[in-house]
Structures are given as C-alpha cells and as structure tokens.
Amino acid sequence: MNSIRLNVTSTESNQRLDKYISENAECLTRTAAARLIEAGNCTVNGVVQKAKNYLLKSGDEVAVEKPEAVPLDIIPEELAVEIVHEDEDLLVVNKPRGMVVHPAHGNHSGTLVNFLMHHCGDSLSGINGEIRPGIVHRLDKNTSGLLLIAKNDFAHNGLSAQLKNRDVKREYRAVVSGVVKQNGRIDVSIGRHKIKRKEMCAGGVNPREAATNYEIIKHFEGASYMKIRLETGRTHQIRVHFAYIGHPVLGDDVYGNGKPKWLGGQCLHAIKVGFTHPRNAQYMEFESELPDYFVKLLGQLRGLSN
C-alpha cells in the first residue's frame, strides 16, 4: 500500500472528499479517488469514510491507502503496430484496421493491449491498483488510425483531463453514403440502444452529450469524402451521428448497409491527434497517411465519377 496523508486548510473547508483528494493527491483522478473511498481505503481523522460526497472541515486529516499495482493476466504478444511517437510518458500508435483494442470474450489475443504488454513491459499505468496499458481513448475494431497511450499514472491523468476538457484534437477521414449538402455540426446525444444492447443510437438509454463537426472534402457519385473533428468521444459516435443524418459511413455493417462488402467494415480513419504533453506542456500533433483500404475505395469512387 502507498499512503497519502493530507491536511485540510481553512480555504479547502466544505469540499467533497473525492474532489479534495483528486486535487491534492498526485496521479489520482476524481473517479479513482471515489473508487478508493468506496472501497474503504480512505480515513478522515482516523475513521474510515466511504461517502465520496462527505464534506470536509478545516483541520481534518485525510489518509488514503493506494493499493500496489498488480499485473493483468494478459499474454504479451509481438504484433505489427506502427509506433508514431514514444517517450518516457506516452506513445502514439497507428492502430491497424481489424485490431481490437482490449481483450474481451472471443478476443483474448492479437489485441492492442497484448502488443502494449509486450512492448512496454513494466512501464505501464497503475491507476486503481491495476497495472495496465493506459488506453486514454479507443477506436472501434474496424476503425484505423492514431491512438494515445499513457505509460504511467501521471501521463494518464494529464491526458484524460485534456480529453474531458475537450483539449485533445481528434481529426478523422471518412467516406459516407450519399451527397452531403453542406458543412455542419451534429449535436445529438448518444445512448445505448433499448433492444440491441451492443449498439448505440441517438437518444437511447442513459444518453450522453455528443457533438461532431464535419467538412466536405469531395463529392463522388453517391458518396462524400469527409473531414471530421470530434468534440466528444462517445462509443461509435461518428458512425451513429452520420447514420442519424442519413449518411452512414460506407462499409458500416451495423449502422449502414455494409456496402461495399469487400471493405469488411466502416471506411473511417483517425488521421490526426494533437495534445499538450503532460510533462513539459509542449503542444504535439501527429498525422498518419490514409491506409491502403481507404486509398483503394477513393480510387474506385474517382473512377465511377469520371
């Protein structure tokens, strides 16, 4: 256990316990602090306090016991993943199409996490007592492109805070069905589908705010090549939003008609990511080339339009 001991000052009086801990204990987000409190790992004046909304008073002594990180039961694997940037705190990787990010039922190997466990070894985030690759944000299995990976708690918390504050630049390229008439913004909440539990939809169960900006790059016969910028990062956001406005992503077999079938999934690529490095406060931006499947589709569409 790692012990964190804090003393509440007069200016910090009347703060919620989880908020106070996250603001005063290095490398603990508010969510992580809340979990430790609810697990009984926090005391106030020597008494276990499990209420995350407990209001502190001036002079209170707060102690937090952070469990030692234990490794995940995941087999490290040497896989073909392009590393665009790496330093002591983070990586930017170019995830290939068809690769799942996290191991799950039916996908225990060949995932991005299996690769990271091999590449990073012991240099991984240990938030909430579990050594894990710091997956800061995710991409769907059949979405290719750039992903941010945190190698330690400091970087993970810093990058997650930027995502929450919408300070991370995330730009995509997509080919969607139909001719999109003008540039725009989709501001429609996204929640879990009431019947199809693995799918998301506009509205739905427990909807969360979601906003997507888009610009037209080029029109083709029956399709549009789009530049997309995310404000939020909900599950399947781009795919759900474009299906909602009647222009599903080409190849999407969940929210569209899956055509053309040879694509084997949506034509969607995370082409650019920009962020402020949590260690030195330097802004960094990376861009990847369009993958082969994307280039092939654009070539076919240009031929049809000529």
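Only a predicted model underlies this, so the values are computations on that prediction, with no experimental measurement involved.
Geometric assessment of R97 against the ring of Y293 yields a positive cation-pi assignment under the 6.0 Å and 45° thresholds.
For Y172 and H269, the distance between ring centers is not under 6.0 angstrom. Ring-centre distance between Y255 and Y244: not below the 6.0 Å cut-off. Annotation: Y54 is not in aromatic contact with Y20 [ring centroid separation under 6.0 Å not met].
Surrounding CZ of R185 are more than 12 heavy atoms belonging to other residues, nucleotides or ligands, all under 6.0 Å away. No more than 12 heavy atoms of other residues, nucleotides or ligands sit less than 6.0 Å from atom CG of N206. No more than 12 heavy atoms of other residues, nucleotides or ligands lie within 6.0 Å of CG in D292, so this atom counts as exposed by the packing criterion. Applying the 6.0 Å contact sphere to CZ of R138 captures no more than 12 heavy atoms from other residues, nucleotides or ligands. No more than 12 heavy atoms of other residues, nucleotides or ligands sit less than 6.0 Å from atom CD of E221.
Salt bridge status for R229 with E171: absent, with no side-chain N to carboxylate O gap under 4.0 Å. Salt bridge K151/D87: absent, no basic N to carboxylate O contact under 4.0 Å. Salt bridge E231/K164: absent, no basic N to carboxylate O contact under 4.0 Å. A salt bridge is defined here as a Lys NZ or Arg NE, NH1 or NH2 lying under 4.0 Å from an Asp or Glu carboxylate O, and D18 with R35 fails to meet this definition. Between K52 and E38 a salt bridge is recorded (basic side-chain N to carboxylate O distance below 4.0 Å).
Judged by distance alone, the side chains of S177 and H247 never bring a donor and an acceptor atom under 3.5 Å apart. A side-chain donor-acceptor contact under 3.5 Å links H119 and E86. Side-chain contact, Q237 with T212: a donor N or O sits under 3.5 Å from an acceptor N or O. For D89 and N152, the side-chain atoms include at least one donor-acceptor pair closer than 3.5 Å. Under the 3.5 Å distance criterion, with hydrogens and angles disregarded, no donor-acceptor pair is assigned to the side chains of H137 and S160. If you check the side chains of N94 and E82, you find a donor sitting under 3.5 Å from an acceptor. No hydrogens or angles considered: a donor-acceptor pair under 3.5 Å links the side chains of E65 and S3.
Y225 pairs with exactly one of L250, V180, I217 by the side chain to side chain contact (heavy atoms under 4.5 Å, CB included) rule, that one being I217.
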Begin from the C-alpha positions of V62 and T43 and carry the test side-chain contact (heavy atoms from CB on, under 4.5 Å) through to its verdict. CA-CA 6 Å; V62 177; T43 63; over 6 Å; no
With side-chain contact (heavy atoms from CB on, under 4.5 Å) as the test, would you mind laying out the steps for V175 and F294 before giving the verdict? CA-CA 9 Å; V175 180; F294 207 120; 3.7 Å; yes
Using the side-chain contact (heavy atoms from CB on, under 4.5 Å) rule, take F242 and I228 through it: C-alpha gap first, then chi angles, then the decisive distance, then the call. CA-CA 11 Å; F242 276 88; I228 300 167; 3.6 Å; yes
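G256 approaches P248 most closely through the heavy-atom pair CA-CB, 3.8 Å.
Between Q266 and R239 there is a side-chain heavy-atom pair separated by less than 4.5 Å.
Following chains of ILVMFWY side-chain contacts shorter than 4.5 Å, one cannot reach I149 starting from V84, and the two form parts of different hydrophobic clusters.
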